[in-house]
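Worksheet: the structure to be examined is printed underneath.
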Amino acid sequence: MNQSMTEKQLEIHTHEVDLRVLGTKFNFKNYSDDEEVTVNLLEGKVALHNGLKSMPELYLAPNEKMVLNKRTGEMVKSKGHAENSMLWTYDELFFDEELLEDIAKKLMRSYDVRIEIADSLKNRRFYGSFKVMGNTIDEVLETIASTHRMKYRYENEKYILY
């Protein structure tokens, strides 16, 4: 589920986190196979209730983001560039220090390919922005590999990141 909303008094309930909108613009990303839930706030205010771990409700102000680790239940607020979180609506992939595992899932959805990641890379985080149209999966992976923090190869009809 990747949603961008501007309605007032909207509530989104998922297993991991409940989000209550308090008149705002935000981006909410929670695909069932992702390792993290992400909320980026552009305008207004949102209240977040952690459904995995008992903690006080968390409030976001504009240009703040929340990342919830689905395994540990840790919910962390940080400063961000919320306007970049909307790029997916313009056929653009934006990674803001996201886990390589979740980046691979976005790439698989966007390019309809299979990607396998070495366990040693699953917790690596990357930052970047790519247009889907006009960039091949190889060009995107080559750019990520140019950071010298991973390599990739194509084998048996899938991309292997190592």
Side-chain angles (χ1 to χ4, degrees), residues 1-6 12-19 25-42 46 48 50-53 58 60 63-162:
M1 167 191 298
N2 197 351
Q3 292 185 322
S4 175
M5 297 287 177
T6 57
I12 297 174
H13 301 281
T14 67
H15 173 72
E16 297 85 8
V17 67
D18 294 338
L19 178 142
K25 288 184 182 176
F26 67 95
N27 185 17
F28 179 74
K29 183 178 79 67
N30 185 13
Y31 288 101
S32 60
D33 60 342
D34 281 352
E35 298 297 314
E36 296 178 327
V37 178
T38 306
V39 177
N40 290 278
L41 186 65
L42 284 85
V46 294
L48 298 161
N50 190 335
L52 299 179
K53 185 175 182 179
L58 190 73
L60 294 184
N63 280 318
E64 288 184 333
K65 79 176 194 176
M66 180 283 301
V67 176
L68 173 79
N69 182 306
K70 292 182 182 181
R71 277 185 254 168
T72 66
E74 291 296 320
M75 187 162 75
V76 178
K77 176 170 73 170
S78 64
K79 289 288 182 192
H81 298 285
E83 66 279 359
N84 291 330
S85 71
M86 300 296 292
L87 293 175
W88 64 273
T89 62
Y90 305 108
D91 193 40
E92 195 161 339
L93 296 170
F94 175 71
F95 314 126
D96 186 6
E97 295 301 319
E98 284 188 46
L99 292 169
L100 183 58
E101 191 168 11
D102 288 341
I103 290 170
K105 289 170 186 168
K106 281 184 179 180
L107 293 173
M108 287 189 285
R109 289 180 202 118
S110 296
Y111 290 98
D112 193 27
V113 295
R114 290 176 47 220
I115 298 175
E116 183 179 291
I117 304 169
D119 287 341
S120 61
L121 294 178
K122 288 190 177 180
N123 291 321
R124 295 257 173 102
R125 293 180 181 271
F126 290 86
Y127 180 93
S129 177
F130 302 93
K131 287 269 189 202
V132 176
M133 296 298 286
N135 277 311
T136 66
I137 183 66
D138 288 291
E139 290 170 325
V140 172
L141 290 174
E142 188 61 39
T143 301
I144 295 171
S146 73
T147 65
H148 304 293
R149 296 176 59 214
M150 65 154 252
K151 296 179 182 178
Y152 77 97
R153 69 179 184 271
Y154 186 78
E155 180 178 289
N156 298 326
E157 298 186 16
K158 67 182 168 193
Y159 289 89
I160 299 170
L161 311 185
Y162 59 98

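Counting from 1, the numbers follow the sequence of the chain as shown.
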Minimum heavy-atom distance [X]-[Y], with the two atoms named:
X	Y	value
Val67	Lys65	CG2-CE, 3.9 Å
Asn50	Gly73	ND2-O, 2.7 Å
Glu36	Arg125	OE2-NH2, 2.7 Å
Lys131	Tyr111	O-OH, 3.8 Å
Ala118	Tyr162	CB-CA, 4.0 Å

With side chain to side chain contact (heavy atoms under 4.5 Å, CB included) as the test, pick out the partner of Asn30 among Val39, Ile12, Thr38, Thr14.
Thr14

Working to the nearest 0.5 angstrom, can you tell me the gap between [X] [atom1] and [Y] [atom2]?
X	Y	atom1	atom2	value
Glu35	Thr72	CD	OG1	10.5 Å
Ile160	Leu141	CD1	CG	12.0 Å
Thr143	Asn135	OG1	CG	7.0 Å
Glu16	Leu48	CD	CG	13.0 Å
Leu19	Leu60	CG	CG	8.0 Å
Met66	Met75	CE	CE	6.0 Å

What I'd like to find out is whether the side chain of [X] reaches to under 4.5 Å of the side chain of [Y], using heavy atoms alone.
X	Y	value
Glu98	Lys106	yes
Leu93	Val140	no
Tyr127	Thr147	no

Once salt bridge (Lys or Arg N to Asp or Glu O under 4.0 Å) is applied, do any residues pair with [X], and if so which ones, sequence neighbours excluded?
X	result
Lys151	none
Glu101	Arg71
Arg109	Asp33, Asp34
Arg153	Glu155

Polar side-chain atom of Ser110 near backbone of Leu107 as donor-acceptor pair, under 3.5 Å
no

Output yes when a side-chain donor or acceptor of Arg124 lies under 3.5 Å from a complementary backbone atom of Arg149, and no otherwise.
yes

Which residues pass the ring-ring contact (aromatic ring centres under 6.0 Å, His included) test with Phe95, not counting sequence neighbours?
Phe130

State which residues pass ring-ring contact (aromatic ring centres under 6.0 Å, His included) with Tyr154; sequence neighbours excluded, sorted by chain then number.
Tyr159

side-chain hydrogen bond (donor to acceptor under 3.5 Å, both in side chains), that's the test. Do Glu142 and Tyr152 meet it? Break it down for me.
CA-CA 8 Å; Glu142 188 61 39; Tyr152 77 97; 3.3 Å; yes

